[in-house]
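First the structure, in the form of structure tokens, and then the observations on it.
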Number of protein chains: 2
Amino acid sequence: MPRKRNTRRSPDVPTLADVARLAGVSEITASRVVRAQGPIADSTRLRVLSAIAELSYIPNRAAGSLASAGSTLMSVLLPSLSNIVFPDVLRGIHTALTQTAFQPVIGVTDYDPLIEERILISFLAWQPAAVILAGLHHTPVARRHLEQGRFRVAELMDIDGDPVDIAVGMSHRQAGYETGRHLIQRGYRRFGYARHNILTDDRASARYEGLCASLREAGLSLITEHVYPGPSSTIAGRDTLAILLSGHPGLDVVIFPNDDMAMGGIFHCMHAGITVREQLGIFGFNGLDIGQAMPMPLSTILSKRFLIGKTAAEKLLESRERPPEKTIINTGFEIIEGATA
Amino acid sequence: MPRKRNTRRSPDVPTLADVARLAGVSEITASRVVRAQGPIADSTRLRVLSAIAELSYIPNRAAGSLASAGSTLMSVLLPSLSNIVFPDVLRGIHTALTQTAFQPVIGVTDYDPLIEERILISFLAWQPAAVILAGLHHTPVARRHLEQGRFRVAELMDIDGDPVDIAVGMSHRQAGYETGRHLIQRGYRRFGYARHNILTDDRASARYEGLCASLREAGLSLITEHVYPGPSSTIAGRDTLAILLSGHPGLDVVIFPNDDMAMGGIFHCMHAGITVREQLGIFGFNGLDIGQAMPMPLSTILSKRFLIGKTAAEKLLESRERPPEKTIINTGFEIIEGATA
DNA sequence: GCCTTTTATGGTAGCGCTGTCATTATTCGT
DNA sequence: ACGAATAATGACAGCGCTACCATAAAAGGC
């Protein structure tokens, strides 16, 4: 005697077979209606759709994915969500995926390549159609999986390096370099630098290097820098500036790795009675809304986060197959002159 | 003649059968090693693990989920990621899930119950073990799915209502009420209110109602309010305060629906030469880092976002089955006196 | 030493869906 | 009007894994 069907499942979850039976068609026809694929007579479609509605049928994507060896998932691996940069990227991705069948699945790596590797592998277990990551630097294991998988890969934010497939972003090294040139041209000479302790934020490091290069070219160098013993935050910026100035009161400009910390720097100046720009220039990175809403808008660099996310997702949707050659898309950046440097 | 196996897949993706063959065991034994389930001899486990490593085997979770009628996914549906509140909640969830087999899958609803319903259904297609949503208000269809599904449900942020399963959060109505009481006690009498256009931010509405109730009790009422024709942002707060004051110069305190907008209000005061607190009180909501980093820390209410996320995920992990009775966990809130009201 | 329990392993049958191929009904071109 | 293309539908196997049961060997109890 054959074992009773359906022993493992809750008895009342409808399957495609139930829908097909109710609509009086075969399973495969019902499947075609669900996927809007292949020629279906209008009358048939209607009957199937009403059966779906009546049963509150939800397709089982695990079964679908297994049968078709593919999914409509797009894995997105981001370093952090506390840093507003990445939610902006995500919004871009979402915007591009709305009205498509694709669905983003988000993981957070905490800037740790090993966590990235672990999450990547657990995402690959769901057979995603595409993978989006931040940066070009991954563990060797992750890189191998990215290169060998049957999915397209986009690496965001950074374009200084060798992408797996598609890179969308800007040159952070160049942004750092332009920052230095801009500030030198505006007359600043005595540079300080504030850092945070996220050593794996490769973009921040690249900007730092670019800045140093431009100073070197002008015969200058950083007078001082301080690494805040914690992740980036406004308070980190405030406290770091206080420390920098206590050791080197002669600084005339301080560069921060991002706008959040730069805002903290401005708050320190307000508190200590330092006139921003005249006495001390403050320069950030990202071009956040809040910095531009201040009475004296923050001098910074606008990174085009939303555009990066949107462009990457659109590019990934262009073809189902892995492209034969690598693509690098430079979304560029803009110096916002602002009023603080 | 039987059709060749594996025609649909790329030929070189290893399966559990390949692992088992290489290790010289049966598929089910290899499966047990992968899942760390059931008794396995150490020598066998080692052989299987080394076969897995050699082949770079990645389990196919679609197949696993289909066979076991379950997954280790935890669906998380949040209204927005631009609002820093939700990344904080997410961090809490992540913290609770680290070192467990569970994996969060994040969707963004843009504060739209219909989008929430759509994303919920597409997530349910993956048979999640649990679902986390924001708020207690969902479409009837969504509510029905939540109630009938074979997964646990946590509704976050808000506890003023009837949860499906578990609610974790605070009473926003009470927070609004306490805000009013606090400000009245501090001597403020002429209240203004700034709003944004996200009508479905039920929490903001509940705070608004609580505030009005406390004013009514004290024989007061809002003198004016302005709805900014756009989503919440610092610039929205700045511009809204300008409009409120131009119409009603006699206001002595303005309450904002969140810290971002309140910061914008402070920036307007700085720009317009208004002395915050003496001439005009400013009150926010959330207790963000950046507001507390200002020279005069923002007066606001601390909502415990991280704790909410962490508590909810922990609670969901407690049992595999849907709890027989509803649970409401009040994480509370704290008034931060600050220096702006 | 014999029976029971525990440990370790395997055979088999699906889970729910879709790719492939086949079949029939309809439309079209000339 | 007749073969050829097209539209609409179905039968069936199998995707990769795990639940279920069975079996065999080792360990324990008295």
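Bear in mind that the values here come from a model prediction, so they are computed numbers and not experimental data. Throughout, protein chains are lettered first and strands after them, A, B, ... in sequence-line order, and every chain is numbered starting at 1.
- The CD1-C1' distance, from B:I40 to D:dA26, rounds to 16 Å in whole Å.
- For A:R61 and B:G38, each mapped to the nucleotide of DNA chain C holding its nearest heavy atom, the one lying further toward the 5' end belongs to B:G38.
- Distance, A:Q37 CD to D:dG10 P: 16 Å, rounded to whole Å.
- Side-chain N/O atoms of A:S31 include one lying less than 4.0 angstrom from OP1 or OP2 on C:dT18.
- Side-chain nitrogen and oxygen atoms of B:R35 include at least one within less than 4.0 Å of the OP1 or OP2 phosphate oxygen of D:dA19.
- Going from atom CH2 of A:W126 over to atom C1' of C:dC17 covers 15 Å, rounded to whole Å.
- When the nearest nucleotides of DNA chain D are assigned to B:A63 and B:R32 by heavy-atom distance, the more 5′-ward of the two goes with B:A63.
- Atoms CG (A:D18) and C1' (C:dC17) sit 13 Å apart, rounded to a whole Å.
- For B:L66 and D:dA19, the CG to P distance is 12 Å, given to the nearest whole Å.
- In this structure, A:D42 places its CG atom 15 Å from C1' of D:dT9, rounding to the nearest Å.
- Checked by atom type, the side-chain pair A:T139/A:E117 shows a donor-acceptor distance below 3.5 Å.
- Atom-to-atom, CD1 of B:I28 to C1' of D:dT18 comes out at 5 Å; the value is rounded to the nearest Å.
- The shortest distance between the side-chain N/O atoms of A:S26 and the OP1/OP2 oxygens of D:dG10 is below 4.0 Å.
- Between the CD atom of A:E27 and the P atom of C:dT20 there is a distance of 18 Å, given to the nearest Å.
- With no hydrogens or angles considered, no side-chain donor-acceptor pair links A:T95 and A:R91 at under 3.5 Å.
- The B:V25 side chain lies nearest to C:dG10 when the options are C:dG10, D:dG10, C:dG14.
- As judged by a 4.0 angstrom heavy-atom cut-off over every strand, B:T44 is placed among residues touching the sugar-phosphate backbone only.
- A donor-acceptor distance shorter than 3.5 angstrom exists from the side chain of A:D18 to the backbone of A:T15, with no hydrogens or angles considered.
- In summary, the side chains of B:R35 and B:S31 do present a donor paired with an acceptor at a separation below 3.5 Å, with no hydrogens or angles considered.
- In the model, B:S71 has no side-chain atom that pairs as donor or acceptor with a side-chain atom of B:R61 under 3.5 Å.
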